Amino acid sequence: MAIITLSRFLIEEERNKQIICADLRFLVEIVSRACKAISIAIGKGSLAGVLGGAGTDNVQGEAQKKLDVISNEILLEANEWGGHLAAMASEEMEDPHLIPHRYPKGEYLLVFDPLDGSSNIDVNISVGTIFSVLRCPEGVPAVDDKAFLQPGTQQVCAGFAVYGPTTLLVLTLGDGVHCFTLDREFGHFVLTQENIRIPEDTKEFAINMSNARFWEAPVKRYIDELLAGQQGPRGKDFNMRWVASMVADVFRILTRGGIFLYPLDGKMQDKGGKLRLMYEANPMAMIVEQAGGVASTGRQRILDIGPTSLHQRVPVILGSKNEVERVVAYHGQ
Ligand code: AHM
Ligand code: MG
């Protein structure tokens with residue numbers, strides 16, 4: 001069977017389905033190249049002195065790892081010069097990064113979490129990069145935060161890389177979800193799973209149980225019922241997995257189903273949740289929906305949220321349709 005590289009896949013999407021244009025194809029290629037560079041940096045680990053803290057805090061007041069900073073720079077530099085972007089925004093930067101005047105500007109906005117799951121870097125557990133692409137609103141003289149504040153339904157593309165035992169790139173252009181595996185010898189991504197579908201039912205859930213005492217009643221009820229297993233109201237045993245890297249947890253759900261919850265809890269009530277809407281919840285929600293799953297805050301479809309700030313946080317419940325819909329129903333009771 002012919003090997004379909006990411007480049008070939010994108011060209012065929014453009015040629016046969018007309019769902020992307022040359023600029024968007026170029027953008028995805030550039031992001032994938034940046035992910036390769038990040039994967040190489042992570043792979044070197046201590047040998048390149050890239051592990052450990054950077055000694056700085058990001059806009060959220062979280063201590064940055066060296067690789068958070070390195071990954072952010074790789075993505076910025078890779079995407080600055082191509083003429084495909086109007087601006088970029090990142091978990092690691094308070095304000096949008098504008099395209100320097102010496103380069104042409106394009107019609108897209110790129111938003112990313114350069115290194116998701118960074119608490120796992122130093123312990124050699126999978127981490128990843130999450131990205132979302134929006135169109136820059138027309139007639140905006142100078143791009144600022146407001147240009148980015150569009151609901152997730154407006155995303156033209158979303159994806160994430162997982163730097164694990166293999167390096168993967170999961171991508172949606174609004175026409176299904178596809179997974180590419182990095183061929184390290186040839187240096188390109190190869191299509192390895194097409195049109196991924198999330199099973200509607202599951203016996204696996206992912207939540208940080210240490211927060212149980214802070215959860216709201218609907219989430220507590222749902223998890224209690226799962227824990228009760230065969231003897232409880234669900235009549236079956238459930239298994240639990242929590243990688244603490246959303247990219248790895250979501251990839252598992254894409255592969256064999258499951259539900260992921262980072263719900264609102266008492267200790268982060270004022271922040272609105274733990275995960276960030278623009279570069280974590282929205283791209284993952286688009287991917288999950290494109291794969292036949294559901295993504296909700298418990299009270300609202302994630303993709304329908306009208307963002308109010310670039311680094312806004314939201315509760316996230318996503319994955320297998322029947323399980324997420326059950327939790328949503330509990331919120332309504
Ligand atoms: P990060 O982007 O700073 O790495 O934080 C997001 C991560 C997610 O990948 C993961 O699901 C969650 O934080 C884990 O949180 P916790 O350590 O509270 O379990
Ligand atoms: Mg993250």
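In this text, all values refer to a predicted model and were calculated from it rather than measured experimentally. Counting starts at 1 for both ligands and their atoms, following the listed order.
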Proximal ligand 1 atoms for [X], defined as those under 4.0 Å from one of its heavy atoms:
{"X": "Ala244", "value": "9 (O), 10 (C), 14 (C)"}
{"X": "Met246", "value": "8 (C), 9 (O), 10 (C), 11 (O)"}
{"X": "Asp113", "value": "2 (O)"}
{"X": "Ser118", "value": "4 (O)"}
{"X": "Phe260", "value": "11 (O)"}
{"X": "Ser245", "value": "9 (O)"}

(Q) In this structure, does ligand 1 have an atom that sits under 4.0 Å from one of the heavy atoms of Ser119? (A)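 Flag not set, Ser119 not near ligand 1.
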Determine, considering heavy atoms only, which of Asn208, Ile207, Asp116 sits nearest to atom 16 (P) of ligand 1.
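It is Asn208 whose heavy atom sits nearest to atom 16 (P) of ligand 1.
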| Of Glu280, Lys274, Met209, Arg276, which has the heavy atom at the shortest distance from atom 17 (O) of ligand 1? |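 It is Lys274 whose heavy atom sits nearest to atom 17 (O) of ligand 1.
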- Looking at the rings of Phe260 and Trp242, which for Trp means the six-membered one, are their centres under 6.0 Å apart?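 For Phe260 and Trp242, the ring centres are under 6.0 Å apart.
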Self-check item: Ring centroid separation Phe180 to Phe9 under 6.0 Å
Solution: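 Centroid distance Phe180-Phe9: below 6.0 Å, so yes.
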Just to confirm my output: which protein heavy-atom neighbour is closest to [atom], and how far is it?
{"atom": "atom 18 (O) of ligand 1", "value": "Tyr262 OH, 2.6 Å"}
{"atom": "atom 4 (O) of ligand 1", "value": "Gly117 N, 2.7 Å"}
{"atom": "atom 3 (O) of ligand 1", "value": "Glu91 OE2, 3.3 Å"}

| said: One residue to check: Asn211. Relative to ligand 1, which of side chain, backbone, both or neither has a non-hydrogen atom less than 4.0 Å away? | reply: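 Neither part.
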What do we get for Tyr279 next to ligand 1 when only non-hydrogen atoms under 4.0 Å count, side chain, backbone, both or neither?
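None of Tyr279 does.
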Taking the Mg ion (ligand 2) as the reference point, name the nearest N/O/S atom of Asp116.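 Looking only at N, O and S atoms of Asp116, the one nearest the Mg ion (ligand 2) is named OD1.
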Gln155 side chain to Met286 backbone, donor-acceptor under 3.5 Å: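 Side chain of Gln155 to backbone of Met286, a donor-acceptor pair under 3.5 Å: no, none is there.
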I'd like to know if the side chain of Glu91 and the backbone of Asp68 have a donor-acceptor N/O pair within less than 3.5 Å.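 Judged by distance alone, no pair lies under 3.5 Å.
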Carboxylate-amine/guanidinium proximity below 4.0 Å for Arg252 and Asp249:
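Judged by the 4.0 Å cut-off on N to carboxylate O distance, Arg252 and Asp249 do form a salt bridge.
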Legend entry - Salt-bridge present (Glu62, Arg276; N to O < 4.0 Å):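 Judged by the 4.0 Å cut-off on N to carboxylate O distance, Glu62 and Arg276 do form a salt bridge.
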Task: Worked verdict on Asn211 versus Tyr262 for side chain to side chain donor-acceptor pair (under 3.5 Å) - done: CA-CA 10 Å; Asn211 294 323; Tyr262 215 122; 3.2 Å; yes
Opening angle at the Mg ion (ligand 2) [OD2, Asp113; OE2, Glu280; to 10 degrees]: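 With the Mg ion (ligand 2) as the vertex, OD2 (Asp113) and OE2 (Glu280) sit 100° apart.
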- [ ] Take atom CG of Asn16 as the centre, draw a 6.0 Å sphere, and report whether it contains more than 12 heavy atoms from other residues, nucleotides or ligands.
- [x]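 Yes, because the 6.0 Å sphere around CG of Asn16 holds more than 12 heavy atoms from other groups.
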Side-chain heavy-atom pair Ile4, Glu194 within 4.5 angstrom cut-off:
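Heavy-atom side-chain distance check fails, nothing below 4.5 Å.
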Show your reasoning for whether salt bridge (charged side-chain N to carboxylate O under 4.0 Å, His left out) applies to Glu323 and Arg234.
CA-CA 11 Å; Glu323 290 303 311; Arg234 301 299 305 276; 2.6 Å; yes
